Amino acid sequence: MKDRVSLLASLKRYFKGLQPINISIRNAIVSPSNLLSGKTAVVTGASRGIGLIIAKIYIEHGATVIAIAKHSKTLLEAKKFINSDRYIPIDFDLTNFEQYQELYKLIVSKAPQGIIDILVNSAGLKNGQEEKFWEFKVEEFDACIAVNAKAPFFLSRMIAKNMILNKVDGSIINIGSIKSFIGEASPYSMSKFAQN
């Protein structure tokens, strides 16, 4: 217990530049309710990390989650972890922009009544920090910008059209990073700033 630090204390230490910190959310506990009953959420990056926990909490609150992630193996592991028929996995590479219309058709076909209430852009790619400044390759830079900035933009536009068409008072949520405010010489920091 001695090594546990509150979120506020961690942030103060981080801003003072004492040392990098890691905060685990794996053990997040929220009391189940029916707050999201009948709602459908599309969550990217929903096979691990923050996206997985968001999907789990949404399902506990009654939502159906269409979970998008790149690898079918991690999606199947996530489905076992969540253990619910309301976790609907779709394996899709978010940098495959030419296939977004096909992705949209698939999402709508799996959504109850074809209606989306919530989009959570949680997928993210972190391929190095400022220590790699002199080594970043063009393709690494492009991949980070594609997943963290370009994909949320085009997904949001696509899902917003569904919300407007169905007269849904929906929500679009982008998962940012503290790095977008602090800044560092990396494509990750730039891409997360673009998302804000």
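Treat the numbers as computed from the prediction; the structure is a model and nothing was measured. Residue numbers run from 1 in the order of the sequence given.
Annotation: the span from E140 atom CD to S186 atom OG amounts to 11.5 Å, rounded to 0.5 Å. One distance of note links CZ of F97 with NZ of K150; it measures 4.5 Å at 0.5 Å rounding. Of the inter-residue distances, the one linking I66 atom CD1 with I118 atom CD1 reads 11.5 Å to the nearest 0.5 angstrom. Going from atom CG of L75 over to atom CG of L52 covers 9.5 Å, rounded to the nearest 0.5 Å.
Residues I50 and I59 share a hydrophobic cluster, clusters being chains of Ile/Leu/Val/Met/Phe/Trp/Tyr side chains in contact below 4.5 Å.
In summary, of the residues considered (N121, V120, L155), a side chain to side chain contact (heavy atoms under 4.5 Å, CB included) with I172 occurs for N121 alone.
Between A123 and G45, the shortest heavy-atom contact is CB-N, 3.6 Å. Shortest non-hydrogen contact noted between T95 and A146 is CG2-CB, 3.7 Å. Annotation for F92 and I68: closest pair CB-CG2, 4.1 Å, computed over non-hydrogen atoms.
Residue-environment remark: NZ (K79) exceeds the threshold of 12 foreign heavy atoms within 6.0 Å. More than 12 heavy atoms of other residues, nucleotides or ligands sit less than 6.0 Å from atom CD of E135.
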Item to complete: Kindly indicate, with the supporting measurements, whether the criterion salt bridge (charged side-chain N to carboxylate O under 4.0 Å, His left out) is fulfilled by E102 and K105.
Response: CA-CA 5 Å; E102 294 306 311; K105 288 177 191 170; 3.5 Å; yes

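No donor-acceptor pair closer than 3.5 Å links the side chain of S122 to the backbone N or O of V43.
Aromatic ring centroids of F154 and Y104 lie 6.0 Å or more apart.
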